[in-house]
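The model shown is predicted, which means the values in this text are computed figures rather than measured ones.
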Amino acid sequence: MTIPTEVVGSLPRPTALQQAFADYDAGKISKEDLVKEQDKAAEDSVVSMIQTGETFVTDGEQRSSSFATYPIVDTLGGKGLSSNLKADGQYFAIFDDGHHRQLPRLVSGPFKYTTYAYQNFEKSKPYGGSHPMKSAVIAPSMLYLLYPLAGEVEGYPKEKFVEDLVAECEKDIRGCFAAGAKRVSIDFTEGRLASKNDPRNPWTGAQLLKAFIDLNNKVLDRFTPEERKDIGIHTCPGGDCDSVHSSEVDYHELLPSLFEMNAGYFLIQLASEKDKTKVYKEIGETIRKDAKGVKQVAFIGVINPLNPEVETPEQVCAALVEAAKYIPTDQLGATDDCGFSPFSIDLKPKHGSPDFARDVAFQKIANRVKGAKLASEKLGI
């Protein structure tokens with residue numbers, strides 16, 4: 001056994017696919033032409049990630065219009081917002097560089113997904129052959145923000161919305177497993193943001209962290225301990241346009257609440273954290289050995305996707321050896337701080353072309369895998 005590793009999920013889209021999305025939005029190419037480019041990028045993502053030695057590979061979410069809103073929009077270019085949603089919802093996040101991301105607003109029930117993560121996974125599964133693959137899904141706590149914080153949607157009480165939301169998220173996860181995914185991770189970037197209390201963004205001051213944890217557990221508790229061993233939670237302070245939304249929030253505000261979720265493992269941003277040792281200690285003190293029948297594993301971030309400099313295997317090894325002083329080695333893993341799509345979000349990214357960004361991402365993943373093996377040898381695992 002070696003220290004396990006796992007990718008978060010997304011990868012930069014190649015130049016050709018980004019151009020195809022732009023051309024499709026402009027009406028210059030057909031839906032079929034866009035799908036061809038998506039298929040090509042997804043296949044290259046799977047094949048290239050297998051070559052890095054990654055345990056569970058993904059298609060890099062090349063078909064998703066957004067990690068957060070894929071369930072409620074057409075994945076082809078992000079078009080086709082569900083008819084019971086309006087575009088004027090609340091901000092999800094205001095990033096440090098001033099840009100923001102806004103969610104739609106639910107105006108009627110019932111709430112149903114229009115697109116499921118497993119539908120995209122099914123298309124990419126053949127590219128992996130017999131290699132294990134994973135999928136990422138959005139947390140119900142993110143989609144909870146579609147419902148107005150104040151007031152009620154006429155004829156659709158919040159309790160009914162939550163019931164429908166939990167059922168849809170469960171369906172998404174079960175669909176991924178049924179399609180052949182060996183692991184499913186839930187994106188929970190709103191966790192740390194919930195403790196920011198940003199006056200520009202009302203929901204962050206609404207003390208929603210406990211509500212988020214409880215809501216996510218409503219989904220997790222629908223799965224057996226054996227199933228939950230392979231369901232993870234990803235947390236980070238955001239990563240969009242080379243900017244973050246909540247890195248100044250002390251991890252103590254999120255821990256130990258994070259481990260109150262009955263997931264089997266956690267993908268935790270740490271490579272870009274200023275005081276890593278402090279967080280390692282708190283993880284070791286709060287991670288659970290028995291979360292309703294599951295021993296939790298903390299995959300610590302040892303790769304920073306927002307930095308174009310490629311970490312060496314030795315640097316990865318050093319971080320894991322340090323973390324092992326505080327986190328039991330049978331509950332320790334290695335991951336990336338975030339998905340890699342923020343590293344290249346348009347045709348003129350900060351750090352070079354999208355194709356260059358993809359090459360860097362694969363180098364970083366490969367070195368994480370090598371570094372985990374080095375650390376395992378040093379620790380005698």
Side-chain angles (χ1 to χ4, degrees), residues 1-9 49 51-57 132 134 183 185 192 229-230 232-237 239 244 247 250-252 254-256 258-259 263-291 294-340 343 360-381:
M1 292 292 291
T2 59
I3 293 173
T5 71
E6 185 163 327
V7 71
V8 172
M49 199 178 294
Q51 293 171 351
T52 68
E54 182 61 82
T55 308
F56 303 101
V57 303
K134 68 164 285 188
R183 306 270 272 192
S185 59
R192 200 164 172 183
K229 283 194 299 186
D230 292 315
I233 301 287
H234 168 237
T235 184
C236 71
V244 295
S247 62
D250 195 303
Y251 252 119
H252 183 72
L254 180 59
L255 302 171
L258 182 69
F259 298 120
Y265 68 97
F266 296 81
L267 306 170
I268 305 171
Q269 168 269 341
L270 268 170
S272 55
E273 197 68 16
K274 292 179 180 177
D275 190 350
K276 300 178 183 63
T277 300
K278 174 179 177 290
V279 184
Y280 296 157
K281 289 179 180 177
E282 190 154 6
I283 290 173
E285 292 167 356
T286 56
I287 194 167
R288 296 155 70 191
K289 288 189 176 294
D290 186 358
V294 175
K295 180 189 286 187
Q296 296 178 332
V297 178
F299 286 71
I300 64 165
V302 292
I303 297 293
N304 181 3
L306 296 182
N307 186 342
E309 181 178 344
V310 178
E311 296 84 350
T312 66
E314 291 74 20
Q315 288 173 320
V316 170
C317 173
L320 290 168
V321 169
E322 174 68 13
K325 295 176 182 177
Y326 310 101
I327 304 170
T329 55
D330 64 344
Q331 292 182 277
L332 177 64
T335 188
D336 314 311
D337 275 6
C338 191
F340 284 92
F343 182 66
V360 169
F362 291 127
Q363 290 174 37
K364 283 173 171 272
I365 292 169
N367 283 1
R368 167 167 48 74
V369 173
K370 293 174 184 175
K373 290 179 180 177
L374 287 177
S376 298
E377 292 169 3
K378 280 201 171 188
L379 294 168
I381 299 174

Which heavy atom of [X] sits nearest a heavy atom of [Y], and at what distance?
X      : Y      : value
Gly371 : Leu320 : O-CD1, 4.3 Å
Ser272 : Asn304 : CB-ND2, 3.7 Å
Lys364 : Glu309 : NZ-O, 2.9 Å
Ala319 : Ile300 : O-CD1, 4.2 Å
Cys236 : Cys338 : SG-SG, 3.9 Å
Leu258 : Ile233 : CD1-CG2, 4.2 Å

Please check: side-chain N/O of [X] versus main-chain N/O of [Y], any donor-acceptor pairing under 3.5 Å?
X      : Y      : result
Asn367 : Val310 : no
His252 : Val279 : no
Lys289 : Gln331 : no
Lys229 : Tyr265 : no

Do the non-hydrogen side-chain atoms of [X] and [Y] ever get within less than 4.5 Å of each other?
X      : Y      : value
Val7   : Arg368 : yes
Ile303 : Phe340 : yes
Ser185 : Lys134 : yes
Val302 : Glu311 : no
Leu374 : Lys370 : no

Euclidean distance, [Y] [atom2] relative to [X] [atom1], rounded to 0.5 Å:
X      : Y      : atom1 : atom2 : value
Tyr280 : Glu273 : OH    : CD    : 10.0 Å
Glu282 : Asp250 : CD    : CG    : 7.5 Å
Ile365 : Gln51  : CD1   : CD    : 12.0 Å
Phe299 : Ile3   : CZ    : CD1   : 10.5 Å
Ser376 : Lys373 : OG    : NZ    : 9.5 Å
Leu306 : Gln269 : CG    : CD    : 9.5 Å

Query raised in the report: Counting only heavy atoms not in Lys278, do more than 12 sit closer than 6.0 Å to its NZ atom?
Result: yes

Query - Among Phe259, Phe266, Tyr251, the one residue meeting side-chain contact (heavy atoms from CB on, under 4.5 Å) with Ile283 - result: Phe259

Query raised in the report: Leu332 pairs by side-chain contact (heavy atoms from CB on, under 4.5 Å) with which of Val297, Ile287, Ile327, Ile381?
Result: Ile327

Query raised in the report: How about Thr55 and Glu6: does a side-chain donor come under 3.5 Å of a side-chain acceptor?
Result: no

Query raised in the report: Do NZ/NE/NH1/NH2 and the carboxylate oxygens of Lys295 and Asp330 come within less than 4.0 Å?
Result: yes

